[in-house]
Chemist: 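The structure follows.
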Amino acid sequence: MTDLTQNSLTPSEAGDPERSDFVRELVSEDLDNGRFSRGIQTRFPPEPNGYLHIGHAKAIVLNFSIARENGGVCVLRFDDTNPATEDQRYVDAIVEDIEWLGYTPNSINYSSDYFPQLYEWAEMLISKGLAYVDDQSAEEIAEQRGGFGRPGIESPYRDRKPGENLKLFREMKDGVHPEGSCVLRAKIDMQHENMQLRDPVMYRIRDQHHYRTRDTWKIYPSYDWAHGQGDALEGVTHSLCSLEFSDNRALYEWYLRQLPLEGEAPYQTEFARLELTYTVTSKRRLKELVDDGHVAGWDDPRLPTLRALRRRGYPASAIREFCAFVGVSRTNSRHDIELLESFVRTELNRTAQRRMAVLRPLKLVITNWPDDENGKPVVEHRTLANNPENHDDGTRKVPFSRDLWIEQDDFRMEPPPKYFRLSPGTEVRLRGGYLVTCTEAICDEAGNPLEVHCTYDPATAGGSAPDGRKVKSTIHWVDASNAVDGSVALYERLFKEKVPGETTGDPLDDLDPNSLEILQGCKFEQSLSGVAPSEVVQFERLGYFAADSEAHGHFHRTVGLRDEWARLQKQK
RNA sequence: UCGGGGAUGGUGUAAUUGGCAACACAACUGGUUCUGGUCCAGUCAUUGGGGGUUCAAGUCCUCCUCCCCGAACCA
């Protein structure tokens, strides 16, 4: 069973009987027909040769949800049949990411655990005349496989006697044959229209160190010869994989049919993998971005990897809900990244506490602000709600005095049409503070404002005027004498195009060189120095920001708030 | 070229399995608001194309078009 102690279940995740899909329909039919005498079991079978991304999240959510909805279990199995590329560090990272996503596998298994059983079964197939050792090179075998609409031809070694095959196969296992000198092939049908059935390779020789089985094996099973068998051994009922394995299904079934298994065999069903606009989700492409230094690492917040999204502040629950919402189908599709972002905003709007931060500071001086008995400007403490969406989050006191920081964007010497913020002569509200009117601005020679002077209306403490007059805008601020300095990383999409590489064939051509902007000298309200690592808060009027897990005073922009003003400007 | 799969608004997913094309995102109008946020109201598709069956077709039949996957000792 899954354990979601860290992340509570949302209604849509708890299973919406109104909504179904073709996979769930299959499962309930099997349940109705009593197809399996064992309980429903699914599995998530990553190869430990890379990090999990949002596409994997869809598969994880699907597999765990289907198990949970039907009172079954979901296991994690590392498909580690290729010693050349796999590593323990990926295993650890994958386990960690799944846990963060909110799931606990019923068990953690490895295809390599089944190497002995697989070997035994292979000998059995050889004895039955269903597999043979082929001494040809990879090129020759590929050549003989034929092509689309072109039948293959049989290997000259195809009719070797079982006894000879057995001897050779044992020699392969014992390391007497060098890498590449021969393989074990299933004897199926070289004329079959499905290329997967043209005597597929079951074992190849690899004189390599395997991260788990060490040096005990010289031969390694291929994906097809390991996958369905692992499913069967574990008791999986529904083996869900992505569309490109459709043709492998026949082979999956062929292998299972040859083995002495008890009970109904698992069966494979394919679904479309998740794609998102403005990003890439292929292992090769992601690896390229990291290895070539286009991003800082596998957890660079611009990447769609789970560790990157986590670092960026995406709540696991938002990812789960997104995955559940997009559903499963067999149609190749690409979802708007905006949909994911909207799930993130919805969740964060509910849960993130509000704080004030000025990213590009401009000094604002209240010229009629009173001094105290020592001749220093009075410091008041204004009370602000931590989250207007959730009153249980309470309030906090924020210092307010004569000298403040406001956002450069919130002041214009000459306001364009529909600009509601501060400019000479206009009155705005300082959120939770007072109404202020701009009297003048001091500018440099180029005309850039250096300091804005305002007067405040003492009768508007808290932000509302007793005479009922309205202001067009409320802006945020940070008291200058109490401000905490910090930095912020602003992320844009990594790629400029919806489908990276669509026109040139290479996603790298569509990389946006300005996808990361780091701002130093940001001014944070005091309480922000107490934010826990990785916690996400809303900087009012700006967006959601996640505190870095290590660097104190550094925030990552998770996602901006929807911005009507930016939209208006873009329309022009 | 052969085999497998797919096609419903700008995007994605639905449609009681032959009965008023729904939901979300995006976009656009307007309203509310001490966040140009949130929230609320409204607008936005006759289902890839042709033919057929039927009182009735997104759903069934038929022809066509387009797209994706498959010829690793990768998974």
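So that the names make sense, note that chain A is the first sequence line, chain B the second, and so on, each numbered from 1.
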Chemist: For a ring-ring contact (aromatic ring centres under 6.0 Å, His included) check, start with the C-alpha distance between A:Phe545 and A:Phe555, then their side-chain angles and the critical distance, and finish with the verdict.
Modeler: CA-CA 6 Å; A:Phe545 289 77; A:Phe555 287 82; 7.2 Å; no
Chemist: Using whole Å, report how far CG of A:Leu339 lies from P of B:rA26.
Modeler: 8 Å
Chemist: Reckon A:Arg204 has a side-chain N or O less than 4.0 Å from the OP1 or OP2 of B:rA75?
Modeler: yes
Chemist: Any N or O donor-acceptor pair linking the side chain of A:Arg354 to the base of B:rU35 at under 3.5 Å?
Modeler: yes
Chemist: Does A:Glu270 make a side-chain donor-acceptor contact with the base of B:rG6, cut-off 3.5 Å?
Modeler: no
Chemist: With stacking defined as ring centroids separated by under 5.5 Å and planes differing by under 30°, is A:Phe325 stacked against B:rA24?
Modeler: no
Chemist: Show the numbers, then the answer: is there a side-chain hydrogen bond (donor to acceptor under 3.5 Å, both in side chains) between A:Tyr211 and A:Asp80?
Modeler: CA-CA 9 Å; A:Tyr211 77 102; A:Asp80 53 358; 2.8 Å; yes
Chemist: Counting only side-chain heavy atoms from C-beta out, which of B:rG12, B:rG36, B:rA72 sits nearest to A:Glu564?
Modeler: B:rG36
Chemist: Expressed in whole Å, how much space separates the C1' atoms belonging to B:rG48 and B:rC39?
Modeler: 39 Å
Chemist: According to the 5.5 Å centroid and 30° plane-angle thresholds, does A:Phe420 stack upon the nucleobase of B:rG36?
Modeler: yes
Chemist: Nearest to the side chain of A:Arg562 - B:rC25, B:rA71, B:rU35?
Modeler: B:rC25
Chemist: Below 3.5 Å, does any donor atom in the side chain of A:Arg421 face an acceptor in the base of B:rG36, or the other way round?
Modeler: yes
Chemist: Would you call the rings of A:Phe524 and A:Phe539 parallel, tilted or perpendicular, taking 30° and 60° as the class edges?
Modeler: tilted
Chemist: When you compare B:rC63 with B:rG4, how far apart are their P atoms, in angstrom units rounded to a whole number?
Modeler: 15 Å
Chemist: Check the geometry between A:Tyr223 and B:rA75 and answer yes if their rings are stacked (centres below 5.5 Å, planes below 30°), otherwise no.
Modeler: no
Chemist: Can you check the distance between B:rC67 and B:rC28, where both ends of the measurement are the P atom (answer in whole Å)?
Modeler: 32 Å
Chemist: For B:rG4, does the base pair up with any side-chain atom of A:Asp247 as donor and acceptor (N or O, under 3.5 Å, distance only)?
Modeler: no
Chemist: What is the separation between atom CZ on A:Phe343 and atom C1' on B:rA24, rounded to the nearest whole Å?
Modeler: 7 Å
Chemist: When rounded to the nearest Å, what value does the distance between C1' atoms of B:rA45 and B:rU13 take?
Modeler: 14 Å
Chemist: Measuring only the C1' atom in each nucleotide, how far is B:rG9 from B:rA14? A whole number of Å is fine.
Modeler: 13 Å
Chemist: Yes or no on side-chain hydrogen bond (donor to acceptor under 3.5 Å, both in side chains) for A:His476 and A:Glu540, after CA distance, side-chain angles and deciding distance?
Modeler: CA-CA 7 Å; A:His476 61 278; A:Glu540 293 224 36; over 6 Å; no
Chemist: Does A:Glu389 or A:Thr331 map to a spot on RNA chain B nearer the 5' end, using the closest nucleotide for each?
Modeler: A:Thr331
Chemist: Per the atom types in the model, does the base of B:rU35 pair as donor or acceptor with the side chain of A:Gln538 at under 3.5 Å?
Modeler: yes
